[in-house]
Amino acid sequence: VQLQASGGGLVQAGGSLRLSCAASGRIFSSHFMGWFRQAPGKEREFVAGIRWGNGYTYYTHSVKGRFTISRSSAENTVYLQMNSLKPEDTAIYYCARANGYETTPQLYSYWGQGTKVTVSS
């Protein structure tokens, strides 16, 4: 499986971006797709995730109400809609696939290359 993340960029605080993660190869209903981010000098952290089969979503506290994760089975793609962006959201964002619900990066088997998000104040 290969994951291709895109959609990052430079945006002012309060703005929006939509990230995409296109997957080659099949994603099964049991799989869990996650978005992580890593800011300079910080550890990679879980942002949001979605269970492919039933669409259940999970978010870290700091993005609840601002970010929305979704998926398109037809397009084999996961999206992260990010609204009301803050400077502290600045990071490289990665998509990844795990075999089940996980928030620990080490338990994800496949990773995209990352897309940079910069939020200016």
Side-chain angles (χ1 to χ4, degrees):
V1 172
Q2 290 187 328
L3 302 175
Q4 181 74 34
S6 62
L10 173 64
V11 65
Q12 288 187 333
S16 300
L17 282 173
R18 187 195 196 201
L19 306 184
S20 299
C21 175
S24 64
R26 187 172 175 182
I27 304 176
F28 293 94
S29 59
S30 60
H31 288 152
F32 190 81
M33 300 298 295
W35 282 100
F36 289 78
R37 65 186 179 187
Q38 188 165 18
K42 295 188 176 181
E43 293 186 352
R44 193 168 298 191
E45 65 169 345
F46 175 82
V47 175
I50 186 166
R51 196 177 298 276
W52 193 258
N54 58 21
Y56 284 4
T57 59
Y58 305 83
Y59 299 92
T60 192
H61 179 74
S62 62
V63 307
K64 281 183 180 179
R66 300 190 298 124
F67 291 12
T68 303
I69 188 171
S70 61
R71 86 247 193 265
S72 168
S73 299
E75 298 175 345
N76 231 32
T77 300
V78 179
Y79 303 98
L80 185 68
Q81 177 67 43
M82 306 186 296
N83 299 328
S84 303
L85 283 162
K86 304 176 181 180
E88 51 263 43
D89 295 318
T90 295
I92 297 176
Y93 284 69
Y94 300 88
C95 61
R97 196 198 83 180
N99 290 331
Y101 168 60
E102 301 289 354
T103 60
T104 304
Q106 291 80 0
L107 297 179
Y108 281 73
S109 303
Y110 299 95
W111 290 85
Q113 84 287 3
T115 184
K116 188 174 182 180
V117 172
T118 304
V119 184
S120 63
S121 58

**Report entry** Same cluster (ILVMFWY, side-chain, under 4.5 Å), Val1 and Leu19
**Finding:** yes
**Report entry** Under the side-chain contact (heavy atoms from CB on, under 4.5 Å) test, residues paired with Ala5 that sit two or more places apart
**Finding:** Trp35, Cys95, Gln113, Thr115
Requested in this report: Starting from the C-alpha separation in whole Å, work towards a yes-or-no answer on side chain to side chain contact (heavy atoms under 4.5 Å, CB included) for Val117 and Leu17.
Outcome: CA-CA 9 Å; Val117 172; Leu17 282 173; 3.8 Å; yes
Query raised in the report: Does CD in Gln2 sit with more than 12 non-hydrogen atoms of other residues, nucleotides or ligands closer than 6.0 Å?
Result: no
Query raised in the report: Which residues pass the ring-ring contact (aromatic ring centres under 6.0 Å, His included) test with Tyr108, sequence neighbours left out?
Result: Phe36, Trp111
**Report entry** Heavy-atom pair with the smallest gap, counting every atom of Tyr59 and Ala48
**Finding:** CD2-CB, 3.6 Å
Query raised in the report: Side-chain heavy atoms under 4.5 angstrom apart, residues restricted to Ile, Leu, Val, Met, Phe, Trp, Tyr: same cluster for Tyr110 and Val78?
Result: yes
Query raised in the report: Is there a side-chain contact between Glu45 and Arg37, using heavy atoms and a 4.5 Å cut-off?
Result: yes
Query - Trp52-Leu80 co-clustered via ILVMFWY side chain contacts under 4.5 Å - result: yes
Query - Selection residues 4-29 - residue pairs positive for side chain to side chain donor-acceptor pair (under 3.5 Å), sequence neighbours left out - result: Ser16-Asn83
Query raised in the report: Any side-chain heavy atom of Gln81 within less than 4.5 Å of one from Ile69?
Result: no
Requested in this report: Sequence neighbours left out, what passes ring-ring contact (aromatic ring centres under 6.0 Å, His included) with Phe32? Give chain and number order.
Outcome: Tyr58, Tyr101
Query - Pairs touching residues 63-73 that satisfy side chain to side chain donor-acceptor pair (under 3.5 Å), sequence neighbours left out - result: Arg66-Asp89
**Report entry** Gap separating the CD atom of Gln106 from the CZ atom of Arg44, nearest 0.5 angstrom
**Finding:** 9.5 Å
Query raised in the report: Taking all atoms of both residues into account, what is the closest heavy-atom pair of Leu3 and Cys21, and its distance?
Result: CB-SG, 3.9 Å
Query raised in the report: What's the spacing between Ile27 CD1 and Arg97 CZ if we round to 0.5 Å?
Result: 7.5 Å
**Report entry** Within one Ile-Leu-Val-Met-Phe-Trp-Tyr cluster: Leu85 and Tyr79, side-chain cutoff 4.5 Å
**Finding:** no
Query raised in the report: With sequence neighbours excluded, what pairs up with Glu88 under the salt bridge (charged side-chain N to carboxylate O under 4.0 Å, His left out) test?
Result: none
**Report entry** Asn99 side-chain N/O to His31 backbone N/O, donor-acceptor pair under 3.5 Å
**Finding:** no
Query raised in the report: Transitively linked via ILVMFWY side-chain contacts under 4.5 Å: Tyr93 with Phe46?
Result: no
